[in-house]
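Structure record follows, encoded as structure tokens.
All residue numbers refer to positions in the sequence shown, counting from 1. For the numbers below, each heavy atom of this structure counts, side chains included, while hydrogens, waters and symmetry mates do not.
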Amino acid sequence: MAKSGLLKSSIAKKVAMALSGLFLMLFLAQHFLINMTSVISADLFNAISHFMGTNPLIQFVIQPILIVGVIFHFIMGFVLTFQNNSARPIGYARYNGAANASWASRNMIISGSVILAFLGLHFYDFWVPEIVYKYVDVLPAQETRYYHELTEKFVSPVRTALYCLSFILLSLHLQHGFSSSFQSVGANNKYTKGMKNFGIWFSIIVPLGFVFIAIFHHFNH
């Protein structure tokens, strides 16, 4: 009974993590589309960013849900990794993981940790200054400030390189994460193959799109 309860608990955690990961992918896609407009038009990017930054529904409902989702996803990742490592027999140390799984699947905790560190940098670069601007300094709304604030972050080649590295690791993380999410929720029907292919393309296009945005602004500042 104890083993059965542990198994059910582990499956529930995996399902919860999978669902939170799919939710975060929606945010990632939306974030990518908004940031891509900065390559097309500074005015368009400013207009969308101002709307997102002043809309009460986004600021006081969606944003807190997103933050909770990020925290929950990473906590579940660390918990499941710890459980999996604890459940392995001692002889497993001699197991050749490289022969049975991809680098991404064997190092999700590493790529996840780097992405978490990147999110800390990202919050420091954009979210904290935004909170200070609106709620600490209480400065008047300035609809044209967002594009300049974005491009300023990519002046430094070191910071730009860190962003690019993080998104490359995000690509690897997503490739395995999207596939395992469907496995965790038990999805297996005629649409599964198409969704997995979509996940592969998503995990390539969106992170590399962010890399393109960073490099574009670095060389066009």
Where is the tightest heavy-atom contact between Ser38 and Tyr147, given as atom of each residue plus distance? O-CE1, 3.3 Å
Would you give the length of the straight line joining atom CD1 of Ile62 to atom CE of Met52, rounded to the nearest 0.5 angstrom? 7.0 Å
Determine, using the 4.5 Å side-chain heavy-atom cutoff (strictly less than), whether Val211 and Met25 are members of one ILVMFWY cluster. yes
Decide yes or no for Phe167 and Leu208: does some side-chain heavy atom of the first lie under 4.5 Å from some side-chain heavy atom of the second? no
Is there a chain of hydrophobic side chains (I, L, V, M, F, W, Y, each step under 4.5 Å between heavy atoms) that links Leu26 to Val61? no
For a side chain to side chain contact (heavy atoms under 4.5 Å, CB included) with Leu174, tell me which candidate from Leu28, Leu169, Val206, Ile115 qualifies. Leu28
If you measure from CG on Leu22 to CE on Met17, what distance do you get to the nearest 0.5 Å? 11.0 Å
From Asn46 CG over to His50 NE2, what is the distance, rounded to the nearest 0.5 angstrom? 10.0 Å
Mind listing the closest non-hydrogen atom pair of Asp125 and Lys153 along with its distance? O-CE, 3.1 Å
Check: Leu24 and Leu66 side chains under 4.5 Å, non-hydrogen atoms: yes
Side chains of Thr151 and His217: does their closest heavy-atom pair fall under 4.5 Å? yes
Kindly compute the distance separating CD1 (Ile58) from CD1 (Ile65), expressed to the nearest 0.5 Å. 12.0 Å
Hey, quick one: are Ile67 and Leu119 part of the same hydrophobic cluster, counting side-chain heavy atoms closer than 4.5 Å, chains of contacts allowed? no
Do you reckon Val128 sits in the same ILVMFWY cluster as Tyr146, going by side-chain contacts under 4.5 Å, direct or chained? no
Might you point out which heavy atoms bring Gln59 and Pro64 nearest each other, and give the distance in Å? O-CD, 3.5 Å
Neighbour count above 12 (heavy atom, 6.0 Å) for Gln142 CD: yes
Please state whether the rings of Phe60 and Tyr135 are parallel, tilted or perpendicular, taking 30° and 60° as the class boundaries. tilted
From Tyr163 OH over to Leu121 CG, what is the distance, rounded to the nearest 0.5 angstrom? 4.5 Å
Taking the basic N atoms (NZ, or NE/NH1/NH2) and the acidic carboxylate oxygens, is any pair closer than 4.0 Å for Arg145 and Glu130? yes
I want to check something: taking the side chain as every heavy atom from C-beta on, are Leu116 and Phe78 in contact at a cut-off of under 4.5 Å? yes
Please state whether the rings of His31 and Phe210 are parallel, tilted or perpendicular, taking 30° and 60° as the class boundaries. tilted
Relative to the ring of Phe202, is the ring of Phe198 parallel (under 30°), tilted (30 to 60°) or perpendicular (over 60°)? tilted
Transitively linked via ILVMFWY side-chain contacts under 4.5 Å: Val70 with Met76? no
The reported gap from CZ in Phe123 to CZ in Phe118 (rounded to nearest 0.5 angstrom) is 10.5 Å
